[in-house]
Asks: 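Take this structure, written in structure tokens, and hold onto it; I'll ask about it next.
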Amino acid sequence: QVQLVESGGGLVQAGGSLRLSCAASGGTFSSVAMGWFRQAPGKEREFVAVTGWNDLSTDYSDSVKGRFTISRDNGKNTVYLQMNSLKPEDTAVYYCAADRFLYRGRRPTWEETDFGSWGQGTQVTVSS
């Protein structure tokens, strides 16, 4: 199983930007899709974005489409989430996750249960 460590969270004003990173070790990073989820206080964890194992496909939730960009660097075993035009409602703990299956293709939807490895999360707070 791959181990994941997120970084890059923090406090930012509305309209600002942050870049989250997720470093992977101990597994087959380049062979699995990687996703980002988030959990706001009092809410369930929700899907944010995913990038396929071959980096040829990306998908986003409607709430972040056009503002967030997911990317990966297989040479560095790292996945990124560039977040622009941040809103107070983006405030949450952000988690990266690795697909539990190798070489899985694009899916119509991605659920928490699709992912077998999770990071510890990084807090993002957007002030108004």
Side-chain angles (χ1 to χ4, degrees):
Q1 242 184 0
V2 62
Q3 287 78 50
L4 304 171
V5 178
E6 302 97 336
S7 61
L11 174 64
V12 64
Q13 287 189 333
S17 298
L18 280 176
R19 188 196 198 200
L20 305 183
S21 299
C22 173
S25 62
T28 53
F29 176 83
S30 62
S31 304
V32 295
M34 294 295 299
W36 285 95
F37 285 72
R38 67 185 182 185
Q39 186 168 22
K43 296 187 177 181
E44 294 187 351
R45 191 153 55 181
E46 64 174 0
F47 168 79
V48 174
V50 66
T51 177
W53 66 270
N54 55 7
D55 203 21
L56 294 181
S57 66
T58 56
D59 289 298
Y60 299 90
S61 68
D62 287 342
S63 61
V64 307
K65 199 172 296 183
R67 299 188 298 122
F68 291 10
T69 302
I70 188 171
S71 62
R72 65 190 298 161
D73 185 336
N74 285 344
K76 295 182 178 179
N77 282 2
T78 301
V79 62
Y80 304 97
L81 186 68
Q82 178 66 45
M83 306 185 295
N84 298 330
S85 302
L86 282 161
K87 304 175 181 180
E89 51 263 44
D90 294 318
T91 295
V93 178
Y94 284 72
Y95 300 88
C96 70
D99 193 350
R100 63 173 68 247
F101 296 111
L102 304 181
Y103 304 119
R104 184 149 60 163
R106 197 172 187 179
R107 299 172 63 77
T109 60
W110 289 89
E111 307 293 340
E112 285 188 61
T113 52
D114 290 319
F115 297 86
S117 298
W118 292 82
Q120 83 289 349
T122 186
Q123 176 71 47
V124 171
T125 303
V126 184
S127 62
S128 57

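All residue numbers refer to positions in the sequence shown, counting from 1.
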Asks: Please report the closest heavy-atom contact between K87 and V126, naming both atoms and the distance.
Replies: O-CB, 3.2 Å
Asks: Is there a donor-acceptor pair under 3.5 Å between the side chain of S117 and the backbone N or O of V2?
Replies: yes
Asks: If I take atom CD from residue Q123 and atom CD from residue Q39, how far apart are they, to the nearest 0.5 angstrom?
Replies: 10.5 Å
Asks: Heavy atoms only: give me the nearest V93-G121 pair and the separation to one decimal.
Replies: CG1-CA, 3.8 Å
Asks: Enter the distance from W53:CH2 to N74:CG here, rounded to the nearest 0.5 Å.
Replies: 9.5 Å
Asks: Is D59 paired with R107 through a side-chain N to carboxylate O contact shorter than 4.0 Å?
Replies: no
Asks: Going through the checks in order, is the side chain to side chain contact (heavy atoms under 4.5 Å, CB included) test met by S21 and K76?
Replies: CA-CA 11 Å; S21 299; K76 295 182 178 179; over 6 Å; no
Asks: Are more than 12 heavy atoms, taken from residues, nucleotides or ligands other than Q13, located less than 6.0 Å from that residue's CD atom?
Replies: no
Asks: Which pair of heavy atoms, one from S57 and one from R106, lies closest together, and at what distance?
Replies: CB-CD, 4.0 Å
Asks: Would a 4.5 Å heavy-atom cut-off, applied to side chains only, mark M83 and V64 as touching?
Replies: no
Asks: Backbone N or O of V5 within a donor-acceptor pair of the Q120 side chain at under 3.5 Å?
Replies: no
Asks: F37 and ring pair (Phe, Tyr, Trp, His ring centres under 6.0 Å): which single residue from W118, Y94, W110 fits?
Replies: W118
Asks: With sequence neighbours left out, write down each residue that passes salt bridge (charged side-chain N to carboxylate O under 4.0 Å, His left out) with R19, or none if nothing qualifies.
Replies: none
Asks: Using every non-hydrogen atom in the two residues, find where R38 and A92 come nearest and quote the distance to one decimal.
Replies: CB-CB, 3.8 Å
Asks: Consider only side-chain heavy atoms of I, L, V, M, F, W and Y, link residues closer than 4.5 Å, and tell whether L18 and Y80 are in one cluster.
Replies: no
Asks: Calculate, to the nearest 0.5 Å, the distance between atoms CG and OG belonging to D73 and S30 respectively.
Replies: 11.0 Å
Asks: Where do S17 and S85 come nearest, in terms of heavy atoms and distance?
Replies: OG-N, 4.3 Å
Asks: Give a yes or no on whether a salt bridge exists between K65 and D62, defined as a side-chain N under 4.0 angstrom from a carboxylate O.
Replies: yes
Asks: About how many Å separate CG of L81 and CE of M34, when rounded to the nearest 0.5 Å?
Replies: 11.5 Å
Asks: Applying a strict under-4.5 Å side-chain criterion to I, L, V, M, F, W and Y, I'd like to know whether V32 and V79 cluster together.
Replies: yes
Asks: Distance-only check: which donor-acceptor pairs under 3.5 Å involve side-chain atoms of residues 95-105, not counting sequence neighbours?
Replies:
from : atom 1 : to   : atom 2 : distance (Å)
D99  : OD1    : F101 : N      : 3.2
D99  : OD1    : R104 : NE     : 3.4
D99  : OD1    : R104 : NH2    : 2.5
D99  : OD2    : R104 : NE     : 3.1
R100 : NE     : T113 : O      : 2.8
R100 : NH2    : T113 : O      : 3.3
R100 : NH2    : F115 : O      : 3.3
Y103 : OH     : S31  : OG     : 3.2
R104 : NH2    : D114 : O      : 3.1

Asks: Report yes if the side chains of T109 and F47 come closer than 4.5 Å at any heavy-atom pair, otherwise no.
Replies: no
Asks: Please report the shortest heavy-atom distance between A24 and L4, naming the atom on each side.
Replies: CB-CD2, 3.6 Å
Asks: When you measure from the centre of the six-membered ring of Y60, is the NZ or CZ of R67 closer than 6.0 Å and no more than 45° off the axis?
Replies: no
Asks: Show your reasoning for whether ring-ring contact (aromatic ring centres under 6.0 Å, His included) applies to W36 and F68.
Replies: CA-CA 11 Å; W36 285 95; F68 291 10; 9.9 Å; no
